[in-house]
Amino acid sequence: MLRFAPSPTGDMHIGNLRVAIFNYIVARQRDERFIVRIEDTDKERNIEGKDREILEILQLVGIRYDEVYHQSHNLTIHQHMAIKMLEERKAFACFCSPEELDAQREAAKESKVAYRYSGKCEMLSDAEVLANEKPFTIRIKKPSNEVKFRDLIKGELSFAPDDIDSFVIMRADKSPTYNFACAVDDMIHDISLVIRGEDHVSNTPKQIHIRNLLGYDKEISYAHLPIILNEEGKKMSKRDAASSVKWLFEEGFLPEAIANYLILLGNKTPEEIFTLEEAIGWFDLEKISRAAAKFDLDKLRFINREHMKRMDPKELSRAFGFADAAIGELAKCYLEEGSTIKEIKPKIEAVFSAKPFDSEWGEQMKRLQEALEKAPILESFDELKEYLSKETGLKGKNFFKPLRLLLTGAEHGPELSHLYRHLKSYLMEIIK
Ligand code: GLU
């Protein structure tokens, strides 16, 4: 079983969507189940409604899952596991106050050494623990040996006991920490492979250590994806608008183009333009580059244009408020001038808007309009041209400029002969 485990703490980052896509593809390739686990145990950071937003994004991108659950539902399981560790003396109660720990962290920072837990509460006797009325956290004891694993992208990795440290698994309010809840849930859901962002590499030995102490001996494979850099070469953060999937949708990028781009990023693929379904046929997780990938909005724009070109025209027309293949085809004529829904929308709106009869071409436009109102059905642009020039006597620029304004609401644009075949059935509506 594979899983996607987002935290509902903000807008979905493109790095997270990439993780979701890769997990989904590999689950489909291996014919394994795929679940979504909303990691909502950090109550202070959760944002109401973000879980729904994440699921909506997955649906738009075409990621289907077998099950979705909120991690907080497993709270009693996490608590039982922590108690078991206490009983087996694999973990201990820690009464160090947040102020005390902060001071130690600060001191370590000043002396330029990595902070490690002092070990103060590890040796407390049962009697001392019982006699202490203060709130306590539960800390796991650090391992005595190195923890090693082979990452499918990064290769062999090894962590010293001190780097893992005696870390907190249950907070003072008795909610599990991220590492504990994650390690336990991956165990109870029989996860076979974890694909996630590189920022979690140092959590992996901690999670392996937790499961080792719980006596779980099945090995889980890991693949940590390199980070995504912004166009300045820095880690893409919330400050980069393009890091938010929601922002990309608002800018008029298609879900299928975003998925295509995220699969292509830092990867060797047999094609450049493809669908998620097609990628399932050839995707190879181990081909993902170890180096960080750089986000390139222009490349995404190019991919978006290609997907708009290929899109079923009727489907495309829905983005502009129609359900008519002709409008989808009309939108495609504008792909030279725009590469997103947002950029093409004003072009389609201009076609259907009230036309500028008070402009310098107003008088000629009026003549063309009157002639068109009385016109028979004109199938081709040649027929339209012939009929209108005969009826109005207009020629050259005096004919084409006002005709373009009347038909498209713009002075410049794609060839009228290309546009006409798609807008002719709306002619009476357009020339108003
Ligand atoms: N909830 C974590 C995150 O959103 C992911 C943890 C994981 O995949 O293990 O970064």
Side-chain angles (χ1 to χ4, degrees), residues 1-27 32-47 49-58 61 63 65 67-75 78 147 149 151-154 157 159 164 167 169 171 175-211 214 216 218-228 235-238 243-246 262 285 288 292:
M1 174 130 70
L2 281 89
R3 79 334 184 252
F4 172 52
S7 304
T9 52
D11 284 355
M12 195 197 243
H13 187 283
I14 48 163
N16 274 103
L17 181 57
R18 186 161 71 138
V19 165
I21 292 171
F22 288 9
N23 274 295
Y24 171 68
I25 292 179
V26 175
E32 288 192 50
R33 279 168 63 79
F34 174 58
I35 56 172
V36 175
R37 176 170 85 217
I38 307 284
E39 298 207 324
D40 60 344
T41 55
D42 189 345
K43 292 182 210 76
E44 282 173 19
R45 294 185 57 225
N46 289 345
I47 300 176
K50 288 292 163 194
D51 50 352
R52 232 177 314 114
E53 228 173 80
I54 292 167
L55 298 176
E56 277 164 18
I57 291 175
L58 297 185
V61 174
I63 296 178
Y65 41 83
E67 199 190 319
V68 55
Y69 77 98
H70 286 70
Q71 190 164 49
S72 56
H73 290 175
N74 283 353
L75 177 67
H78 301 140
V147 173
F149 67 93
D151 187 277
L152 296 181
I153 296 170
K154 297 178 168 302
L157 297 172
F159 295 80
I164 296 168
F167 59 93
I169 56 172
R171 302 185 184 94
S175 66
T177 57
Y178 156 68
N179 273 314
F180 192 61
C182 180
V184 169
D185 285 6
D186 285 344
M187 176 175 98
I188 59 184
H189 284 108
D190 193 19
I191 297 301
S192 54
L193 165 64
V194 170
I195 305 173
R196 61 185 172 193
E198 183 171 70
D199 43 336
H200 286 290
V201 168
S202 62
N203 288 323
T204 300
K206 294 184 176 173
Q207 295 172 13
I208 292 174
H209 176 51
I210 291 168
R211 283 191 298 266
L214 285 170
Y216 189 71
K218 182 175 161 176
E219 199 180 315
I220 299 180
S221 308
Y222 284 89
H224 289 93
L225 305 180
I227 55 168
I228 302 178
K235 183 177 172 177
M236 220 163 166
S237 73
K238 283 200 188 106
S243 72
S244 156
V245 179
K246 209 163 110 188
L262 292 176
L285 187 61
I288 302 294

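Whatever order the structure lists ligands and atoms in, that order sets their numbers, starting from 1.
For a threshold of 3.5 Å applied to N or O pairs, the pair formed by His200 and ligand 1 contains at least one separation below that value. Checked by distance only, ligand 1 and Ala5 come closer than 3.5 Å through their nitrogen or oxygen atoms.
Nearest protein heavy-atom neighbour of atom 6 (C) of ligand 1: Tyr178 OH, 3.1 Å.
The only option from Asp11, Leu17, Ile63 that meets the side-chain contact (heavy atoms from CB on, under 4.5 Å) definition with Ile57 turns out to be Leu17. Here the rule is side-chain contact (heavy atoms from CB on, under 4.5 Å) with Tyr178, and of Thr41, Asn203, Asp42 only Asn203 fits it.
Between Asp40 and Gln71, the side chains place no donor N or O within less than 3.5 Å of an acceptor N or O (distance only, hydrogens not considered).
Between Gly197 and His224 the shortest heavy-atom distance is O-CD2, 3.5 Å. Nearest approach of Leu285 to Leu193, heavy atoms of both residues: CD2-CD2, 4.1 Å.
Atoms CZ and CG, on Arg3 and Asp185 in that order, are 9.0 Å from each other to the nearest 0.5 Å.
For ligand 1, the atoms closer than 4.0 angstrom to any heavy atom of Arg3 are 7 (C), 8 (O), 9 (O). Within the listing of ligand 1, atoms 9 (O) sit less than 4.0 angstrom from a heavy atom of Cys182. Applying the 4.0 Å criterion to heavy atoms of Glu39 picks out, from ligand 1, the atoms 1 (N), 2 (C), 5 (C), 6 (C).
Contacts between Phe4 and ligand 1, counted as non-hydrogen atom pairs separated by less than 4.0 Å, are absent for every part of the residue.
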